[in-house]
Amino acid sequence: MAKKPGIPKGTRDFTPQEVNKRNYIMETIKQQFQLYGFQPIETPSFENSETLMGKYGDEGDRLIFKILNSGDYLRKASEEHLRSKDSNALVSQISEKALRYDLTVPFARYVVMHQNEIDLPFKRYQIQPVWRADRPQKGRFREFYQCDADVVGSDSLWQEVEFVQLYDAVFNDLQLNGVTIKINNRKVLAGLAEIIGAADKLIDFTVALDKLDKIGEEGVKNEMLQNGISEAAIEKIQPLFSFEGSNQERLERLAVMLKDSETGLQGVEELKFIVEKVEKLGTKAARIAIDVTLARGLNYYTGAIFEVAAPKGVAMGSIGGGGRYDDLTGIFGLKGVSGVGISFGLDRIYLVLEELGLFPESVVEQTKVLILNFGESEAFYGMQLLQDLRSAGVKAELYPDAAKMKKQMNYANKRDVPFVVLAGTQEMNDGTYTLKNMRNGEQETLSLEGILEKM
RNA sequence: GUGGUUGUAGCUCAGCUGGUUAGAGCGCUGGAUUGUGGUUCCAGAGGUCGCCGGUUCGAACCCGGUCUUCCACCCCA
């Protein structure tokens with residue numbers, strides 16, 4: 001025997017049951033995407049490195065899987081970089097392609113390349129795997145699916161309202177109640193940084209603030225102090241550390257805090273519009289909550305920022321995220337096209353549904369009828385029933401070999417097939433079939449029509 | 001990328017301070033049962049103890065490296 005095979009770290013095989021469950025989630029999402037008017041596109045698994053590099057920050061660049069050039073790639077590498085073992089400098093010489101890191105940047109590239117055939121606003125959805133050279137953890141993989149819906153070419157805040165409703169619709173379909181759609185706004189964060197005189201430290205400021213629920217008030221303050229934000233400045237945003245109350249109350253308090261920041265107030269207005277409309281129109285499975293500490297994806301989000309938290313009690317990172325980016329296509333030369341979108345984390349939603357036991361039983365149902373095989377003529381007799389069952393849309397199969405009945409029964413049992421059909425000489429003479437219910441052991445002899453009726 | 005953790009049969013795991021032929025349960029295969037599974041009973045197969053090297057008379061056990069698992073950080077779906 002050869003050495004036992006394995007798969008790369010952070011990747012997975014999926015069993016038939018797992019694929020069925022994943023398909024269930026994907027179909028649910030896809031249905032709602034289409035219901036909301038999004039159209040599907042697909043992009044290549046790998047892009048030119050220059051399309052991806054530099055779009056996700058330094059951290060992102062590190063996590064991008066690079067693809068080695070074909071052929072004698074070292075020949076083109078510079079002697080100097082080879083000798084100094086400078087990996088960073090070398091990589092651009094020996095790798096020109098990289099695996100897709102997310103679906104948003106490829107979408108921006110798509111919009112720019114296809115701008116003449118696209119009617120704005122353009123609503124697209126995309127469900128494809130992405131790859132990150134990350135260290136795996138619970139709910140973190142190196143290959144995973146993203147399910148994205150984005151709109152480009154509209155500044156309207158109604159888009160944001162609709163995206164919250166879309167989230168709600170999907171989670172409602174999945175019967176995943178109690179999720180929280182957290183919302184924030186880049187302009188609010190910029191305003192906060194502005195009033196404390198740390199506008200130039202926006203990223204450091206928000207990254208620290210983002211950790212509030214993890215490292216606590218003192219931890220955040222310490223990190224801010226270390227980043228050169230003064231104690232007096234931190235005092236000005238003290239209310240953020242005990243930011244309780246309804247969305248309405250939070251908005252009012254933010255407006256007071258940000259009264260001297262034009263940008264900040266604009267952010268508050270945007271938040272107010274979205275939250276008010278969403279709350280008035282109503283949600284089913286999810287609730288919307290303003291969270292000023294939310295600061296993901298700051299590298300390109302300019303307006304709304306979304307993040308979806310699993311129901312309380314489920315230990316899982318965010319199961320979705322999104323936001324508005326006023327000028328994403330700008331990096332590819334198309335200015336002034338605003339985009340806003342959301343993403344569903346399929347793999348994490350799977351883990352949450354599994355943990356809460358929310359997959360419907362019908363999702364994993366496979367073959368409904370197994371016809372036992374007692375020999376060639378009996379199998380042929382069974383085949384006639386099989387054809388009719390399949391025409392009627394019943395998932396059915398014939399056991400391929402005339403094996404011992406125990407073995408055939410066991411096969412049906414283990415695969416959880418609810419019915420088996422026995423048809424031997426007796427039934428052939430009578431023109432009947434014996435149908436056995438594997439759940440309760442009952443069986444009855446029926447005509448071909450009788451069987452079809454039962455299914 | 002940093003720190004920690006894990007690896008023994010298909011699966012879940014025992015295996016004493018290093019000491020002969022490494023065990024259990026479940027699963028698997030066959031039989032009891034030649035048209036009746038899920039229960040029971042009997043028998044059997046299956047392991048270079050993650051991999052490489054070192055210490056030792058002797059290593060699943062100790063040491064080093066490597067890969068893998070999971071966790072925290074970074075970051076993120």
Side-chain angles (χ1 to χ4, degrees), chain A residues 1 3-12 15 25 29 56-64 87-88 100-104 127-148 167 203 207-208 210-211 214-215 219 223 294-299 306-310 315-323 341-352 370 372-375 378 399 402-428 433-443 445:
Chain A
M1 252 292 269
K3 198 178 134 195
K4 275 186 190 171
I7 56 175
K9 172 163 55 175
T11 65
R12 298 150 298 161
T15 63
I25 300 172
I29 293 172
Y56 311 100
D58 292 342
E59 193 64 25
D61 282 358
R62 205 193 77 209
L63 298 177
I64 292 174
S87 302
N88 285 334
R100 182 169 58 215
Y101 177 88
D102 74 353
L103 300 179
T104 307
I127 300 177
Q128 289 190 280
V130 302
W131 295 269
R132 295 184 186 177
D134 210 355
R135 280 226 189 157
Q137 263 178 58
K138 179 170 185 176
R140 293 182 91 160
F141 308 98
R142 304 223 280 187
E143 176 184 62
F144 62 95
Y145 270 75
Q146 284 190 335
C147 312
D148 278 24
Y167 265 139
I203 299 290
V207 165
D210 190 48
K211 294 178 187 166
K214 221 174 211 173
I215 61 178
E223 188 162 326
L294 179 60
R296 301 307 167 87
L298 270 184
N299 281 311
F306 297 112
E307 183 170 297
V308 183
M316 180 61 63
S318 66
I319 56 177
I342 59 172
S343 180
F344 289 83
L346 170 70
D347 299 86
R348 288 186 176 179
I349 292 170
Y350 181 102
L351 291 172
V352 171
L370 177 75
L372 299 197
N373 185 333
F374 297 123
E378 290 91 339
Y399 195 88
K404 287 187 180 160
M405 173 145 5
K406 180 188 171 94
K407 193 176 167 118
Q408 301 192 39
M409 282 289 200
N410 247 325
Y411 182 75
N413 206 44
K414 276 184 300 193
R415 292 196 14 191
D416 220 17
V417 176
F419 295 96
V420 298
V421 164
L422 297 86
T425 37
Q426 213 173 302
E427 286 85 353
M428 286 170 71
Y433 296 90
T434 296
L435 180 72
K436 181 182 173 85
N437 182 323
M438 296 297 281
R439 299 266 156 80
N440 56 25
E442 283 170 16
Q443 62 185 62
T445 302

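Per chain, numbering begins at 1; letters A, B, ... match sequence-line order. Since the structure is predicted, the reported quantities are computational estimates derived from the model, not experimental observations.
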May I have the distance from [X] (atom [atom1]) to [N] (atom [atom2]), rounded to whole angstrom?
X	N	atom1	atom2	result
A/Ile64	B/A77	CD1	C1'	16 Å
A/Met428	B/G35	CE	P	16 Å
A/Met405	B/G35	CE	P	6 Å
A/Phe344	B/A77	CZ	C1'	12 Å
A/Tyr399	B/G35	OH	C1'	16 Å
A/Lys211	B/A72	NZ	P	15 Å
A/Asn437	B/G38	CG	P	16 Å
A/Leu370	B/U36	CG	P	17 Å

Residue whose closest nucleotide on RNA chain B lies nearer the 5' end, A/Ser318 versus A/Asn410: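 Looking at RNA chain B, the more 5' nearest nucleotide goes with A/Asn410.
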5' priority, RNA chain B, between A/Glu223 and A/Gly320 [closest heavy atom]: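 Counting from the 5' end, the first nearest nucleotide belongs to A/Glu223.
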Using the [atom1] atom as the reference point in each nucleotide, state the distance between [N] and [M] in Å, no decimals.
N	M	atom1	result
B/G25	B/U21	C1'	22 Å
B/C49	B/U29	P	26 Å
B/G38	B/A32	P	14 Å
B/G15	B/C73	P	32 Å
B/U55	B/C62	C1'	8 Å
B/A22	B/G47	P	12 Å
B/G31	B/U12	C1'	28 Å
B/A9	B/A14	C1'	13 Å

Bracket string, RNA chain B, 5' to 3' - pairs by Watson-Crick or G-U geometry under 3.5 Å, | interstrand: ((((..(..((((.....[...)))).(((((.......))))).....(((((..]....))))))..))))....
Any side-chain N or O of [X] less than 4.0 Å from the OP1 or OP2 oxygen of [N]?
X	N	result
A/Lys406	B/G30	no
A/Gln408	B/U36	no
A/Lys404	B/G37	no
A/Lys414	B/C28	yes
A/Lys436	B/U36	no

Donor-acceptor contact below 3.5 Å, side chain A/Tyr433 vs main chain A/Met428: no
Under 4.0 Å, heavy atoms only, any strand: does [X] hit a base, just the sugar-phosphate, or nothing?
X	value
A/Glu442	nothing
A/Phe141	base
A/Gly60	nothing
A/Gln146	sugar-phosphate
A/Ile319	sugar-phosphate
A/Gly10	sugar-phosphate
A/Arg142	nothing

Side chain to side chain, [X] and [Y], heavy atoms closer than 4.5 Å:
X	Y	value
A/Val421	A/Gln443	no
A/Asn437	A/Phe419	yes
A/Arg135	A/Arg140	no
A/Glu59	A/Arg62	yes
A/Lys436	A/Leu372	no

A/Tyr56 and A/Tyr101 aromatic ring geometry - parallel, tilted or perpendicular at 30°/60° bounds: tilted
If you check every side-chain atom of [X], which of [options] has the closest atom?
X	options	value
A/Lys214	B/C74, B/G35, B/C70	B/C74
A/Asp134	B/C70, B/C75, B/U36	B/C75
A/Met438	B/G35, B/C76, B/G37	B/G37
A/Met409	B/C75, B/U36, B/C70	B/U36
A/Asn413	B/G38, B/C74, B/G35	B/G38
A/Lys407	B/C71, B/G30, B/C75	B/G30
A/Leu422	B/C70, B/A77, B/U36	B/U36

Side-chain donor/acceptor of A/Arg140 to base of B/C75, under 3.5 Å: yes
Distance-only donor-acceptor test (3.5 Å): side chain A/Arg135, base B/G3: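 Flag set: donor-acceptor pair detected.
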Centroid under 5.5 Å and tilt under 30°, A/Phe144 to B/A77: yes
A/Gln128: partners by side chain to side chain contact (heavy atoms under 4.5 Å, CB included), with sequence neighbours left out: A/Glu42, A/Thr43, A/Arg100, A/Leu103, A/Gln126
Other residues, nucleotides, ligands: >12 heavy atoms within 6.0 Å of A/Asn440 CG: yes
From A/Asn373 atom CG to A/Met405 atom CE, the distance as rounded to the nearest 0.5 Å: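 The distance works out to 11.0 Å.
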Side-chain H-bond candidate by donor/acceptor type, A/Glu143 with A/Thr11, under 3.5 Å: no
